Protein chains: 2
Amino acid sequence: MVVSLDKRKSDGTVGKALEILDLVASFGRPVRFSDVLDVAEFPKATVYRFIQTLTSQGMLSYDPDRQTYALGIRLVRLAHSAWQQSSLAPVAHPHIEKLAGDVGETVHLAQLDHAQVLYVDKIDPGKPIEMFSQAGKVGPAYCTGVGKAMMAYLEALHLAEVIGQQSFHVFTENTLSDEAALRAELIDIRSNGYGFDREEHEPDIICVALPILTARGRVLGALSVTSSTQRTNLAALEALVPRIQVAVTAIANEAESWRFPDQSKFQSIETAKG
Amino acid sequence: MVVSLDKRKSDGTVGKALEILDLVASFGRPVRFSDVLDVAEFPKATVYRFIQTLTSQGMLSYDPDRQTYALGIRLVRLAHSAWQQSSLAPVAHPHIEKLAGDVGETVHLAQLDHAQVLYVDKIDPGKPIEMFSQAGKVGPAYCTGVGKAMMAYLEALHLAEVIGQQSFHVFTENTLSDEAALRAELIDIRSNGYGFDREEHEPDIICVALPILTARGRVLGALSVTSSTQRTNLAALEALVPRIQVAVTAIANEAESWRFPDQSKFQSIETAKG
DNA sequence: AAACCAAGTTTCAAATAATGGAACCAAAGT
DNA sequence: ACTTTGGTTCCATTATTTGAAACTTGGTTT
């Protein structure tokens, strides 16, 4: 009946190993072997071997003084490559920077990761930027501006799956608390081309968000301008939409036409039969 | 006893899958299936299955418009957790920020990743920071200030292995070009407690670097203050050592005594299975 | 000091998943 | 219509993973 909501359809050994990796991540702090064992659904020896393998591979790091494991440094290196070879984030960065300076408010760039919002870039025109402490952060999709803006443009099947994974936890009195309310809101967003966060996630925090779409209509990400009710209001944020739209359009175009340098890696497989 | 870090020790299926991941990363741009196949040492069907698995797991992302694979968004999320749960980077950040403002020069925080230097944080008191574009970057160990500072305090066995993996490629006329020269320099650094980069990697770029050590003498990372010969000189940088030392000592102490806050506040990010 | 306990590590036959040669398919080229 | 290129699937063989249990290590209690 349900269209495979098995989000973790155990992809063989590799899938299981990555499950352990996620488990370590979920603690948010370095962990002992037994911490992992307690929450893992594999037997002792299996968990042990996975942790050994992941450590030897640099996906986990072991602190011999405290006898704890944490996520490894190799992930930081890989994430750097991921960010760099993404067609969105590097292209968007200068536009976001300009927009942030322009409107004098915090700008977020987000993408959809499974059913969550993942912030891939952030510019706060006031404070110095915090690096990994902000980028890489995840949040709920159903109660953030960027999340709703992206969901509004998903095709039906994908949307159903994403909605099915929302928790609909009530954070504030404005939080959309069920699927019906969310779907109504998404239709609204789609007809306007932009959406708001009306203090749905955190009190006093409001934002406008626009989706970043390919020419074919595929969702690449979303851009939002965030502020607080103490500084501004929804109407004022709405007035910024045209300026955000300019940035969004530019990003979408560049992201789609962007060719990575050295596309001529094809060199020669030409039958060197001479 | 000591875990010998044979860098190419294929740890079963998981190791092979991660090898494919590294391969994709090494292109620095989105790749086609055949791109990976060409450089991989596994047969077609095997590479295919690994790519499928990694994609389904979010470690790779697939662009259906261009039919290319890139490193996945899940890595960014994991790297965020890695950075956060590292006992070094988050603790060091405020100190680095203060130091950078204090001395008015660029400050780097690096760790050793296999035999390379990995920059985990960077503050440039002039420009706005570029996020992932800087953090996660790797560089050679034998010709950078941070690299040498860390190597100087490794125990013999580990050092031998790290040195064995250095390329000793000559970047400038000051580059240390063989093991003997490097070892001599390391002894020197150890006796001083700090080291320099004397335009060994890039012309005009110089720096002082200090290792960050645990009370037991284990190397946690290194801190450097970087500048150019047009702005300053080695003697002036050397004069900054006491101030850097203050930061380094503070970071080392905090990193070792750091207790992670109660985990109850985090959680919920990864609804583990279901 | 012996007994105990908890945490971590190793073993090994059975169960399972990975392997890869080859066939297959689709689209582009000739 | 035929060939090539790039990508996907099959399936019998093979190698790897699995996990209960035994073992080791280090710390605590009696």
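Computed from heavy atoms alone, side chains included, the values below leave out hydrogens, waters and symmetry copies. Bear in mind the structure is a predicted one, so any value in this text is a computation, not a measurement. Chain identifiers are assigned alphabetically (A, B, ...) following the order of the sequence lines, protein sequences preceding nucleic acid strands; residue numbering begins at 1 within each chain.
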Interatomic distance, [X] [atom1] vs [N] [atom2] [rounded to whole Å]:
{"X": "B:Ile20", "N": "C:dT19", "atom1": "CD1", "atom2": "P", "value": "10 Å"}
{"X": "B:Gln52", "N": "D:dG6", "atom1": "CD", "atom2": "C1'", "value": "14 Å"}
{"X": "A:Ile51", "N": "C:dA7", "atom1": "CD1", "atom2": "P", "value": "14 Å"}
{"X": "B:Arg32", "N": "C:dA28", "atom1": "CZ", "atom2": "P", "value": "11 Å"}
{"X": "B:Phe33", "N": "D:dT9", "atom1": "CZ", "atom2": "P", "value": "11 Å"}
{"X": "A:Gln67", "N": "C:dA7", "atom1": "CD", "atom2": "P", "value": "12 Å"}
{"X": "A:Leu37", "N": "D:dT18", "atom1": "CG", "atom2": "P", "value": "15 Å"}
{"X": "A:Phe50", "N": "C:dG8", "atom1": "CZ", "atom2": "P", "value": "18 Å"}

Consider only side-chain N and O atoms of B:Thr249 and B:Gln245, and report whether a donor and an acceptor are under 3.5 Å apart.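 Yes, a side-chain donor-acceptor pair sits under 3.5 Å.
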Which is true for B:Arg49 with a 4.0 Å heavy-atom rule: it touches a base, it touches only sugar-phosphate, or it touches nothing?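 Result for B:Arg49 = base.
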Using the side chain to side chain donor-acceptor pair (under 3.5 Å) rule, take A:Asp121 and A:His93 through it: C-alpha gap first, then chi angles, then the decisive distance, then the call. CA-CA 7 Å; A:Asp121 206 349; A:His93 192 73; 2.5 Å; yes
OP1, OP2 of [N] versus side-chain N and O of [X]: anything below 4.0 Å?
{"X": "A:Ser34", "N": "C:dG8", "value": "yes"}
{"X": "B:Thr13", "N": "D:dT16", "value": "no"}
{"X": "B:Tyr48", "N": "D:dG7", "value": "no"}

Nearest-nucleotide 5' precedence on DNA chain C, A:Tyr62 against B:Pro43: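 Mapping each residue to its closest nucleotide by heavy atoms, the 5'-most match is A:Tyr62.
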Would you say the ring centers of A:Tyr69 and A:Phe33 fall short of 6.0 Å from each other?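 No, too far apart.
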Output the single nucleotide from D:dC10, D:dA20, D:dT18 whose closest atom is nearest the side chain of A:Ala45.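 For A:Ala45, the side-chain atoms sit closest to D:dA20.
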Which one, D:dC10, C:dT19, D:dG19, comes nearest to the side chain of B:Lys16?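 So the nucleotide nearest the side chain must be C:dT19.
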Do any N or O atoms from the side chain of A:Asp22 and from the backbone of A:Glu19 form a donor-acceptor pair under 3.5 angstrom?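 Judged by distance alone, no pair lies under 3.5 Å.
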Are B:Asp113 and A:Arg74 within salt-bridge range, i.e. N to O under 4.0 Å?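 Salt bridge between B:Asp113 and A:Arg74, a charged N being under 4.0 Å from a carboxylate O: no.
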Polar side-chain contact B:Lys44-C:dG20 base: donor and acceptor under 3.5 Å: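 Looking at the base of C:dG20, it does not pair with any donor or acceptor on the side chain of B:Lys44 (distance under 3.5 Å).
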